[in-house]
Amino acid sequence: MQHKVIVIGAGVIGCCLADELTRRGASVTVIDAAEVGSATSAATFAWVNSNNKTPEEYSNLNLLGLQAHERSASRGGGRWFHQTGNVQIAQSNDELEALQHKVEKLASNGYEVRLLTPAQVRELEPSLEAPRLTGGAFYPEEGWIDTLTMCTSLLNRAITGGATFAPYETVTGIQPNQVTTRTTDGTTRKHQADTIILAAGNGTRKILATAGIDFPTLEPSGTGAGKDAKNAGIGIISTTGPIASGMRHIVRATGIAMRPARNGGITFADHPTGGKWDIDDLRIWTVPALLLERARELYPTLKNVSTENVSLGIRVLPEDGLTIADRLADYPSIYAVATHSGVTLSAHLAEAVADEVLDGRRHHSLEAFGLARFETANL
């Protein structure tokens with residue numbers, strides 16, 4: 001008999017899971033309160049990397065994520081994974097010294113990176129004009145994901161393979177083998193499965209609370225479980241209109257990160273800048289203009305372009321800032337995935353979680369990311 005799986009959440013992780021589980025012969029139903037790829041997955045810089053991430057287990061997990069995207073691209077996923085490489089620039093001697101130490105550390109661990117002279121930076125990015133440029137670093141294996149194309153393509157492939165998609169259904173209750181939902185017209189529906197996988201981002205905590213389960217992620221408001229994480233998860237992502245900017249790679253400098261956008265413009269962000277304000281503080285909407293000015297300082301070709309789209313979201317943050325991928329101890333038919341590195345990790349987590357759900361094999365990369373660690377921390 002086919003193993004029946006419900007996947008709650010049609011973001012990058014949920015869609016990767018639906019595709020992988022369907023490919024392996026499972027009967028899959030995907031449930032989402034909205035449309036495919038419309039929540040946190042739509043408000044992300046979508047940078048695929050294992051750049052300077054700690055601890056070692058987390059860095060290794062992200063590297064596996066990058067490699068899984070490469071494999072997916074070789075199987076036809078190249079339409080959404082743009083492995084452009086990442087150019088990080090230094091604009092002072094102090095920044096260059098810090099960057100040199102970072103590169104030495106990453107290279108010693110086998111990460112693909114090399115230092116750049118100012119001339120080499122300009123060779124990679126001819127349209128870049130940074131008068132204070134002192135050098136840089138190049139990470140050739142990194143890239144970015146077109147999340148909308150990825151989510152819709154993978155979910156459509158899963159549906160073609162027999163999966164079912166139930167959009168605009170809000171989960172109102174969860175039991176070991178049953179999910180209760182409410183549709184937009186108020187109808188109550190019940191879905192049965194052998195395994196339920198929660199990939200609902202910030203909605204996971206709320207869904208499990210209906211069953212009296214306290215899930216160890218921070219509240220979307222920024223605080224939770226007795227920890228003060230004010231604004232830690234706020235992300236604001238902006239995209240300009242189409243322009244021949246000349247940008248070839250992801251480009252990162254102090255106070256700004258930029259990359260080509262799916263519409264022919266550029267997408268830009270800076271988490272520390274956006275995180276200065278509460279999500280309901282109107283001053284947060286000054287961030288796009290401020291960041292666009294920083295981008296223009298580096299790329300004068302952006303002088304006459306305007307910001308056309310701004311996405312504001314809250315990242316999914318487990319209490320320790322890492323990743324959760326595990327069955328619930330008291331409800332082994334319920335599996336939860338939660339991470340703020342969802343774009344990077346999605347392809348690998350889909351493979352590893354499918355192994356565990358369908359074959360009972362827990363991937364070694366997930367050993368450090370189970371739920372038991374939070375019980376130990378609270379003793």
Aromatic plane relationship, His348 with His363 - under 30° parallel, 30 to 60° tilted, over 60° perpendicular:
perpendicular

Backbone of Asn309 reached by a side-chain donor or acceptor of Thr307 within 3.5 Å:
no

So CG of Asp19 and CG of Leu154: to nearest 0.5 Å the spacing works out to 4.5 Å

Salt-bridged, Asp146 to Arg79, with N to O below 4.0 Å?
no

Any donor-acceptor pair under 3.5 Å from Ser108 side chain to Lys105 backbone
yes

Less than 4.5 Å apart, side chain to side chain, heavy atoms only: is that true for Thr239 and Ile266?
no

Mind checking the CG-CD spacing from Asp194 to Gln2? Nearest 0.5 Å is all I need.
10.5 Å

When rounded to the nearest 0.5 angstrom, what is the spacing between OG1 in Thr217 and CG in Leu317?
8.5 Å

Cluster overlap Val316 with Ile279, hydrophobic side-chain contacts below 4.5 Å
no

Under 4.5 Å between any side-chain heavy atoms of Ile284 and Asp278, yes or no?
no

Taking Arg205 first and then Glu219, would you say they form a salt bridge - that is, a charged N and a carboxylate O separated by under 4.0 Å?
yes

Are Tyr331 and Ile31 grouped together when hydrophobic residues (ILVMFWY) are joined by side-chain heavy atoms under 4.5 angstrom apart?
yes

Determine whether Leu63 and Tyr111 make a side-chain contact, defined as any pair of heavy atoms from C-beta on separated by less than 4.5 Å.
yes

Is a side-chain N or O of Thr147 found less than 3.5 angstrom from the main chain of Ser41, in a donor-acceptor match?
yes

Give a yes or no on whether the backbone of Leu148 and the side-chain of Thr152 come within a donor-acceptor separation of less than 3.5 Å.
yes

Charged N to carboxylate O below 4.0 Å: is that the case for Glu129 and Arg122?
no

Atom of Gln88, atom of Tyr139 and distance for their closest heavy-atom approach
OE1-OH, 2.8 Å

Between the main-chain N or O of Gln91 and the side-chain N or O of Glu95, is there a donor-acceptor pair closer than 3.5 Å?
yes

Counting N and O atoms only, with roles assigned by atom type, does the side chain of Thr160 sit under 3.5 Å from a partner on the main chain of Asn156, one being a donor and the other an acceptor?
yes

Answer yes when Glu356 and Arg361 have at least one side-chain N-carboxylate O distance shorter than 4.0 Å, and no when they do not.
no

Hydrophobic clusters here meaning ILVMFWY residues chained together by side-chain heavy-atom distances under 4.5 Å, can you tell me if Val343 and Trp144 are in one?
no

Can you measure from CD (Glu169) to OG1 (Thr183) and round to the nearest 0.5 angstrom?
6.5 Å

Flag for Ser50-Tyr58: side-chain donor and acceptor within less than 3.5 Å
no

Report the C-alpha separation of Leu155 and Phe165 in whole Å, then their side-chain angles, then the decisive distance to 0.1 Å, and conclude whether the side-chain contact (heavy atoms from CB on, under 4.5 Å) test is met.
CA-CA 8 Å; Leu155 185 57; Phe165 181 38; 3.7 Å; yes

Counting heavy atoms not belonging to Arg182, are there more than 12 under 6.0 Å from its CZ?
no

Just how far is it from atom CD1 of Ile89 to atom CG of Leu298, taken to the nearest 0.5 Å?
5.0 Å

Measuring from Leu366:CG to Leu61:CG, what's the distance to the nearest 0.5 Å?
6.5 Å

Taking only Lys NZ, Arg NE, NH1 and NH2, and the carboxylate oxygens of Asp or Glu, determine whether Lys276 and Asp270 approach each other closer than 4.0 Å.
no

Do His271 and Phe45 make the cut of ring centroids closer than 6.0 angstrom?
no

Test your reading of the model: is there a side-chain donor-acceptor pair from Thr172 to the backbone of Thr180, 3.5 Å cut-off?
yes

salt_bridge(Glu293, Arg296) N-O dist < 4.0 Å:
yes

Could you tell me if the side chain of Pro318 sits less than 4.5 Å from the side chain of Phe369, heavy atoms only?
no

Considering the options Val48, Leu66, Asn86, which one meets the side-chain contact (heavy atoms from CB on, under 4.5 Å) requirement together with Glu141?
Leu66

Any donor-acceptor N or O pair under 3.5 Å, side chains Asn49, Glu142
no

